[in-house]
Protein chains: 2
Amino acid sequence: METFGREMMYSVFRIRKALYTLIREDATRVGITELQLIILYTLSKKDNIRLNDLAEKLNMSNSTISGTIERLVSAELVIRKPSKEDRRAVTLHLSEKGKEKLQEAFNDESLLLQRLQKVETTLAKEEIETLLALQQKVRTILLGEE
Amino acid sequence: METFGREMMYSVFRIRKALYTLIREDATRVGITELQLIILYTLSKKDNIRLNDLAEKLNMSNSTISGTIERLVSAELVIRKPSKEDRRAVTLHLSEKGKEKLQEAFNDESLLLQRLQKVETTLAKEEIETLLALQQKVRTILLGEE
DNA sequence: CTGAAATAATTCGAATACGAACTATTCGCG
DNA sequence: CGCGAATAGTTCGTATTCGAATTATTTCAG
């Protein structure tokens, strides 16, 4: 009778959906998709990353990332360069246009940023820390690592 | 500097991915996909549901559900009947084959059920309740409803 | 130093996943 | 009653999403 476990599962699905809907709003406003925006943001935090490392960071298969990077390169938002150290590898960088697009998506209008801000101001610091700790605990169990 | 908000967001993404990977294992073992398994389970809990209601329950667009139901009907796992009350609507039901498939997916081998069980036995009851309450709080803020 | 194993990325096929456009039916206001 | 608005599903086009197969390169054991 896994009632609590299943409730937790549905709860996670609902929050994830709510977050994705907010991301989609910002992304659509500037004419790109959710994943494309997530990738632009990730590249802004970590330049010069390899494709497989990006896939691992985002918890996605490299085939998914490869296709999306292809479209971002076509749109001239990302630059894909062959790696100097390893000729099999490519390294990824934001173009100027990509940086501008990211700025435009996450500007003052961004509902996602407003709502995340609201989460931080509404919940007590200890509540957020408790939430993160419990979620980490759940994830560890789900991965069968404990 | 939405550090905590973003951490919370990534945390949710990671748990959702872990859950989906477990669901995929059970689904693949019996030859169907994640969403197909989720739909079979949902129909087992609520028979005679309409397509749009199912889509709303799963937080998905009706076009996504429509296509997947089409494949489930082709595989003879789901029965789609025109509604008696509303000639625009269809009602959905598990077939016997669908019930068997569901049983087979969620049997003793199911890693998902084992891990959910482990979450329940590992975390204290208050911890789970705290987690669900905090997640609900976060979701309400994200939806802009408070 | 060389061939087999491992690794980085791409490509492929099938199934989501969405919004928009469309068809068929029902609702509801005047 | 009767017609415009709303609703239930389907279809379409584009973009994920995955695992498996493939190509190119690097690593490493003998």
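Chain identifiers are assigned alphabetically (A, B, ...) following the order of the sequence lines, protein sequences preceding nucleic acid strands; residue numbering begins at 1 within each chain. Only this structure's heavy atoms are used, side chains among them; waters, hydrogens and symmetry mates stay out.
- Applying the 4.0 Å criterion to OP1 and OP2 of dC18(C), one finds that K17(A) has a side-chain N or O inside that range.
- Once rounded to the nearest 0.5 Å, the distance linking CG of L112(A) with CZ of R24(A) reads 12.5 Å.
- Using a 4.0 Å cut-off between charged side-chain N and carboxylate O, R29(A) and E104(A) make no salt bridge.
- Contact check on K137(A) versus E127(B) returns a salt bridge, with a Lys/Arg side-chain nitrogen under 4.0 Å from an Asp/Glu carboxylate oxygen.
- With values rounded to the nearest 0.5 angstrom, I38(A) atom CD1 is found 13.0 Å from K57(A) atom NZ.
- For R87(A), no side-chain nitrogen or oxygen approaches OP1 or OP2 of dT23(D) to under 4.0 Å.
- The cluster map of Ile, Leu, Val, Met, Phe, Trp and Tyr, joined by side-chain heavy atoms under 4.5 Å apart, puts I79(B) and I65(B) in different clusters.
- Distance E70(B) CD to dT11(D) C1': 11 Å, rounded to the nearest Å.
- Side-chain N/O atoms of S66(B) include none lying less than 4.0 angstrom from OP1 or OP2 on dG9(D).
- As rounded to whole Å, 13 Å separates atom C1' of dA17(C) from atom CE of M60(A).
- Evaluation of atom-type donor-acceptor distances gives a pair under 3.5 Å for the side chain of R88(B) against the base of dT7(D).
- Atoms CG (L51(B)) and C1' (dT25(C)) sit 16 Å apart, rounded to a whole Å.
- We find that CG of N59(A) is positioned 17 Å from P of dT16(D), with the value rounded to whole Å.
- Between K99(A) and E96(A) a salt bridge is recorded (basic side-chain N to carboxylate O distance below 4.0 Å).
- The phosphate of dG19(D) (OP1 or OP2) has no side-chain N or O of S61(A) nearer than 4.0 angstrom.
- Taking the six-membered ring for Trp, Y20(A) and F13(B) have ring centres closer than 6.0 Å.
- The distance from atom CG of D86(A) to atom P of dC28(D) is 12 Å, rounded to the nearest whole Å.
- T64(A) comes within contact range of at least one nucleobase, with a heavy-atom separation under 4.0 Å.
- One atom, CG of L72(B), and another, P of dT10(D), lie 13 Å apart when rounded to the nearest Å.
- Ion pairing of R80(A) with E70(A) is present here, as a side-chain N (NZ or NE/NH1/NH2) and a carboxylate O approach within less than 4.0 Å.
- In this model, a side-chain donor or acceptor of N62(B) finds a partner on the base of dG9(D) within 3.5 Å.
- Comparing atom distances between the R50(A) side chain and each of dA8(D), dA9(C), dA17(C) picks out dA9(C) as nearest.
- Straight-line distance from the CG atom of L92(B) to the C1' atom of dA8(D): 12 Å, rounded to whole Å.
- One N or O donor and one acceptor, one from the side chain of S63(B) and one from the base of dG19(C), sit under 3.5 Å apart.
- Contacts between residues 24-39 of chain A and DNA chain C, defined by a heavy-atom separation under 4.0 Å, are made by R24(A).
- In this entry the distance linking CD1 of I69(B) with P of dA15(C) reads 15 Å, nearest Å.
- Using a 4.0 Å cut-off, some side-chain N or O of R71(B) falls inside it from OP1 or OP2 of dT16(C).
- The residue among E85(B) and T91(A) whose nearest nucleotide of DNA chain C is located toward the 5' end is T91(A).
- Of the candidate nucleotides dG9(D), dT10(D), dT16(D), dT16(D) has the atom lying nearest to any side-chain atom of T68(A).
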